[in-house]
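One structure is given below, encoded as structure tokens.
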Amino acid sequence: MSSINSVNIEPDYKLHLTYSDGTVIVVDFKPLIRQGGVSATLSDPDYFSQVSIGERGRYIQWPGDLDFCADALWLEAQSDSNTAA
């Protein structure tokens, strides 16, 4: 289980995540925002910019209990890179 060491906001609702093992991924949150529901709050640029790293780097979080697991984000990125090949 890797942990997230840093999170940087990129344009167009993307996050650049660096993991403790050196892995770097870019997560595009636009598809999730389009789905609506709880994730729709991420469409507010001011809110999106409030992302932070959770306890021991095990997740990223926003105010109001919205969070995403480090492992799930990493697995999703691997899945996306495999389908693009």
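What you see is a predicted model, and the numbers here were worked out from it, not measured in a lab.
- One finds the CD1 atom of Ile60 at 11.5 Å from the OG atom of Ser6 (value rounded to the nearest 0.5 Å).
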Check against side chain to side chain donor-acceptor pair (under 3.5 Å), Ser2 and Asp21: CA-CA 7 Å; Ser2 293; Asp21 66 359; 3.3 Å; yes

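- In this structure, the separation between OG on Ser79 and CH2 on Trp74 is 11.0 Å, given to the nearest 0.5 Å.
- For residues 31-43, there are no salt bridge (Lys or Arg N to Asp or Glu O under 4.0 Å) pairs, not counting sequence neighbours.
- At most 12 heavy atoms of other shown residues, nucleotides or ligands fall within 6.0 angstrom of atom CG in Asp65.
- The hydrophobic clustering, which links ILVMFWY residues whose side-chain heavy atoms are closer than 4.5 Å, places Phe29 and Tyr19 together.
- Once rounded to the nearest 0.5 Å, the distance linking CD1 of Ile25 with CD of Glu76 reads 9.0 Å.
- The existence of a salt bridge linking Lys30 and Asp28 is confirmed by a sub-4.0 Å separation between a basic side-chain nitrogen and an acidic carboxylate oxygen.
- Test Ile4, Val27, Leu32 against Phe68 for side-chain contact (heavy atoms from CB on, under 4.5 Å) and you get one pass: Leu32.
- Across every non-hydrogen atom of Ser39 and Ile33, the tightest pair is O-CG1, 3.8 Å.
- Closest heavy-atom contact between Gly57 and Ala70: O-CB, 3.7 Å.
- Once rounded to the nearest 0.5 Å, the distance linking CG of Leu42 with CG of Leu66 reads 5.0 Å.
- For residues 45-54, every residue pair satisfying the side chain to side chain donor-acceptor pair (under 3.5 Å) rule, not counting sequence neighbours, is listed here: Ser52-Gln61.
- Residue Val51 is tested with Asp67, Leu17, Leu15, Asn8 for a side-chain contact (heavy atoms from CB on, under 4.5 Å); the sole match is Leu15.
- Residues Phe48 and Trp62 approach most closely at O-NE1, 2.9 Å, considering heavy atoms.
- Closest approach of Thr41 to Val38, counting heavy atoms only: OG1-O, 3.0 Å.
- Distance CG/Asp71 to CZ/Arg58: 4.0 Å, rounded to 0.5 Å.
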